[in-house]
Amino acid sequence: MNAVAQQTNLYLEAFAQFEKATAGDGGAWLHPIRRAAIARFADLGFPTPRDEDWRFTNVAPIAGTAFRLAGEGGAVPGPEALTPFAFAGIACHRLVFVNGRYVPGLSAPGSLPAGVRVGSLAEALRADRGLLEPHLTRYADYHHDAFSALNTAFLADGAFVRIPRGQVVEAPIHLLYVSTGAKVPLVTHPRNLLVADEDSQATIVEDYVSLGEGVAFSNVVTELVVGESAVVSHYLIEREGRQAFNVSTLRSQQGRSSSVASHTVLLGGALVRNNVHPVLAGEGGDCLVNGLYLATGRQHMDNYMKVEHMGPHCGSRQFYHGILDGQSRGVFHGRIIVHKGAQKTDAKQTNRNLLLSEQAQIDTKPQLEIYADDVKCTHGATIGQINPEAIFYLRSRGIAEAAARALLLFAFAGESLQRMKVEPIREHLERLVRRWLPHGDVLEDAR
Amino acid sequence: MLEIKNLHVKVGNHEILKGVDLTVRTGEVHSIMGPNGSGKSTLAQVLAGRETYEVTAGKVTYDGKNLLEMAPEDRAREGVFMAFQYPVEIPGVSSAYFLKAGLNAIRKHRGLEELDAVDFLELVKEKIKLLEVDERLLHRSVNEGFSGGEKKRNEIFQMLVLEPRLAIMDETDSGLDIDALKTVARGVNALRSPDRAILVITHYQRMLNYIVPDAVHVLVDGRIVKSGGKELAHELEAKGYGWVEAQARAAAPAKA
Ligand SMILES: Nc1ncnc2c1ncn2[C@@H]1O[C@H](COP(=O)(O)OP(=O)(O)OP(=O)(O)O)[C@@H](O)[C@H]1O
Ligand SMILES: [Mg+2]
């Protein structure tokens with residue numbers, strides 16, 4: 001064991017128990033994969049800042065904590081505890097997971113078009129091997145990424161969504177992951193498989209929240225498989241408590257002429273790593289990678305983008321905005337990989353940051369790897385403060401200084417929020433952002 | 001209404017205003033003219049409360065109050081308005097929201113009821129027409145992507161909505177064609193009243209044909225070197241600033 005005293009053994013021991021406990025259920029066909037994954041984790045260990053992909057983020061607080069695997073049958077909150085997390089003005093198809101486990105009593109999948117599946121992965125593992133096997137664990141890379149390896153080893157529950165060919169699910173699918181907090185640090189490994197077949201459409205929201213205090217670690221992997229010409233919007237909202245660790249990977253696989261928008265809003269958590277990894281496999285696909293991270297106190301938010309262009313004529317646009325206050329630290333690592341054969345790629349990346357305090361810090365790093373010759377790739381990053389001339393202009397019209405600042409910050413965040421097209425969700429997020437901003441309450445009547 | 005006494009202003013180590021004296025009474029329109037870099041915008045910005053300028057000496061009294069002690073927003077609420085020479089673009093903040101927020105802050109300060117969106121639109125409609133501003137500008141971000149002329153007209157439009165008691169216009173005429181200039185002048189004249197004062201900063205007397213001043217002052221190298229009536233503007237237009245500067249230089253040793 002090295003200097004950071006990684007608790008890897010705990011995971012290996014927990015795996016032995018986990019394997020026994022799951023031996024009898026229908027998901028046994030996954031066991032060889034789970035075993036391979038835990039073996040990879042044993043080899044890899046947790047990453048360290050010597051690892052290029054983790055240069056700016058030290059996961060020692062995660063690696064050094066003795067987490068207990070959250071089990072089944074824990075205490076479940078009442079439905080009223082969840083009302084603050086609902087989006088006003090829209091009825092979503094809602095699945096609720098408490099400490100990683102699907103809770104039917106709190107969920108409301110609602111009525112769905114024919115053939116559409118919105119349910120728990122645990123249930124699908126038992127009954128629908130045929131639907132899962134072609135996709136599950138095929139995309140997220142557990143061979144090289146320790147967190148994906150852990151998630152795969154402990155793969156047990158999460159959301160399974162499938163939209164068959166040509167179907168449109170109009171209302172958003174709201175996946176709410178609640179960590180309730182416990183006396184001991186708990187780890188959960190939510191695993192989501194989202195499959196949108198050819199020409200289908202859906203909006204899927206992953207929403208991570210905390211009830212109560214307590215150290216918790218959500219180690220999430222989502223595989224999003226998007227068929228030809230399908231259109232999917234994916235939202236990830238991280239609003240867990242300030243003692244939470246959250247490492248998530250969205251790995252999307254896009255077919256020909258498909259279109260995916262990935263929107264991320266990071267507000268909560270102590271240490272957050274947000275991996276977004278779209279692979280534009282088919283010709284003519286398009287993806288928008290849009291994000292907003294707001295950190296304060298000692299929060300650490302790391303955004304790791306890996307946009308892979310494999311098919312020709314694909315477009316990708318990355319826009320990430322960060323506001324950093326207190327002693328917080330932000331990271332934006334934007335990789336674009338244009339593989340051989342991905343001619344006519346049009347890839348764009350922008351990362352803009354506002355630092356509100358002297359102690360706040362941002363590391364932003366573009367990384368372009370281009371193996372095709374006929375491509376267009378642009379990237380740009382800015383780090384700055386609020387424009388003092390704009391503040392003066394607003395004040396000179398009678399607007400108080402605090403309000404002027406809040407207004408400008410909200411406008412900056414608004415550029416990200418404006419790209420989120422589902423109005424009730426956007427409005428909900430706007431409220432969260434206003435609440436976060438210093439003096440954001442003065443904006444309650446904005447727009 | 002406005003009394004400036006021996007005002008000295010520095011930016012960094014550079015003294016820009018070197019003892020400005022100026023008195024503007026309620027109901028009057030004064031014009032300040034002067035060559036590039038003479039300190040006109042500095043004076044306007046200092047009156048509006050820009051903190052990057054350091055006042056090293058002097059006093060400014062507005063309505064009997066020490067103006068220099070007031071925050072920019074308090075000055076605005078007390079009725080000071082400055083139309084910027086270079087209005088700032090503010091992406092993401094809608095013009096309508098911005099102006100309503102300013103207006104309501106000022107109304108609140110004056111003990112008036114705050115306006116809701118509907119009343120606000122009602123109020124601005126008429127002023128929009130007067131200034132021939134495109135109504136759609138209201139729904140765009142503040143000054144973002146506005147043409148030079150639109151920006152200037154937008155400043156005067158804001159002025160009409162906020163109804164200041166002391167209006168300072170910093171080169172609002174620059175870059176406006178004659179039709180736009182007439183429109184702007186119409187707006188300013190609509191505001192002219194016995195209980196307001198207006199300070200018009202300009203390079204050219206052209207605008208003063210439409211906004212006729214009660215007094216004209218010439219600012220050269222941080223000092224007001226000459227004051228006179230509206231005919232002074234014509235004289236400056238015909239002869240340039242050279243002769244005033246020469247006169248000022250000649251007068252300086254005599255003073256000492
Ligand atoms: N923020 C600043 N930093 C440094 N120098 C400045 C600053 N603002 C103004 N100055 C300098 O002070 C002098 C006066 O500038 P000011 O803008 O007040 O002139 P002006 O009379 O308005 O000129 P113009 O007719 O070109 O608008 C100029 O030499 C200018 O370069
Ligand atoms: Mg100027």
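Just so it is clear: chains get the letters A, B, ... in the order the sequence lines come, proteins before strands, and each one is counted from 1. For the numbers below, each heavy atom of this structure counts, side chains included, while hydrogens, waters and symmetry mates do not.
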Bottom line for Asp74(B): the part with an atom under 4.5 Å from chain A's heavy atoms is neither
d(Leu408(A) CG, Ile90(B) CD1) to nearest 0.5 Å is 6.0 Å
Looking only at Gly102(B), Pro164(B), Pro91(B), Ser141(B), the option with the highest number of non-hydrogen pairs under 4.5 Å against chain A is Gly102(B)
When rounded to the nearest 0.5 Å, the distance separating CG of Leu47(B) from OG of Ser396(A) is 12.5 Å
Kindly check if the number of other-residue, nucleotide or ligand heavy atoms within 6.0 Å of CZ (Arg298(A)) is above 12? no
Taking every heavy atom of Ile106(B) against every heavy atom of Arg397(A), the minimum-distance pair comes out as CD1-O, 3.7 Å
> When you look at NE2 of His203(B), are more than 12 heavy atoms from neighbouring residues, nucleotides or ligands closer to it than 6.0 Å?
Replying inline: yes
With a sphere of 6.0 Å drawn around NZ of Lys348(A), does it hold more than 12 non-hydrogen atoms of other residues, nucleotides or ligands?
no
Give a yes or no on this: more than 12 heavy atoms of other residues, nucleotides or ligands lie within 6.0 Å of atom CZ of Arg25(B).
-> no
Those residues of residues 48-56 of chain B that come under 4.5 Å of chain A on a heavy-atom basis, listed by number, are Ala48(B), Gly49(B), Arg50(B), Glu51(B)
query = Between the main-chain N or O of Glu401(A) and the side-chain N or O of Glu73(B), is there a donor-acceptor pair closer than 3.5 Å?
reply = yes
Can you confirm whether more than 12 heavy atoms, excluding those of Glu114(B), are under 6.0 Å from its CD atom?
yes
Rounded to the nearest 0.5 angstrom, the OH-CE distance for Tyr393(A) and Met82(B) is 9.5 Å
Heavy-atom nearest pair, Val93(B) first then Ala411(A), reads CG2-CB, 3.6 Å
Notebook entry, point to check: Do the two ring centres, one from Phe392(A) and one from Phe84(B), sit under 6.0 Å apart?
Noted result: yes
Smallest heavy-atom separation, Phe98(B) atom then Ile399(A) atom, equals O-CD1, 3.7 Å
The interface call for Gln45(B) against chain A, heavy-atom contacts under 4.5 Å, is both
Donor-acceptor pairs are to be reported for all side-chain atoms of residues 260-270 of chain A against protein atoms at under 3.5 Å, with residues two or more places apart or in another chain.
{"unit_1": "His263(A)", "atom_1": "ND1", "unit_2": "Asn290(A)", "atom_2": "ND2", "d": "3.1"}
{"unit_1": "Thr264(A)", "atom_1": "OG1", "unit_2": "Tyr320(A)", "atom_2": "OH", "d": "3.3"}

Greatest number of non-hydrogen atom pairs under 4.5 angstrom with chain A, of Ala101(B), Pro72(B), Ala117(B), Ala76(B), falls to Pro72(B)
Between Gly398(A) and Ala105(B), the two heavy atoms sitting closest are O-CB, 3.1 Å
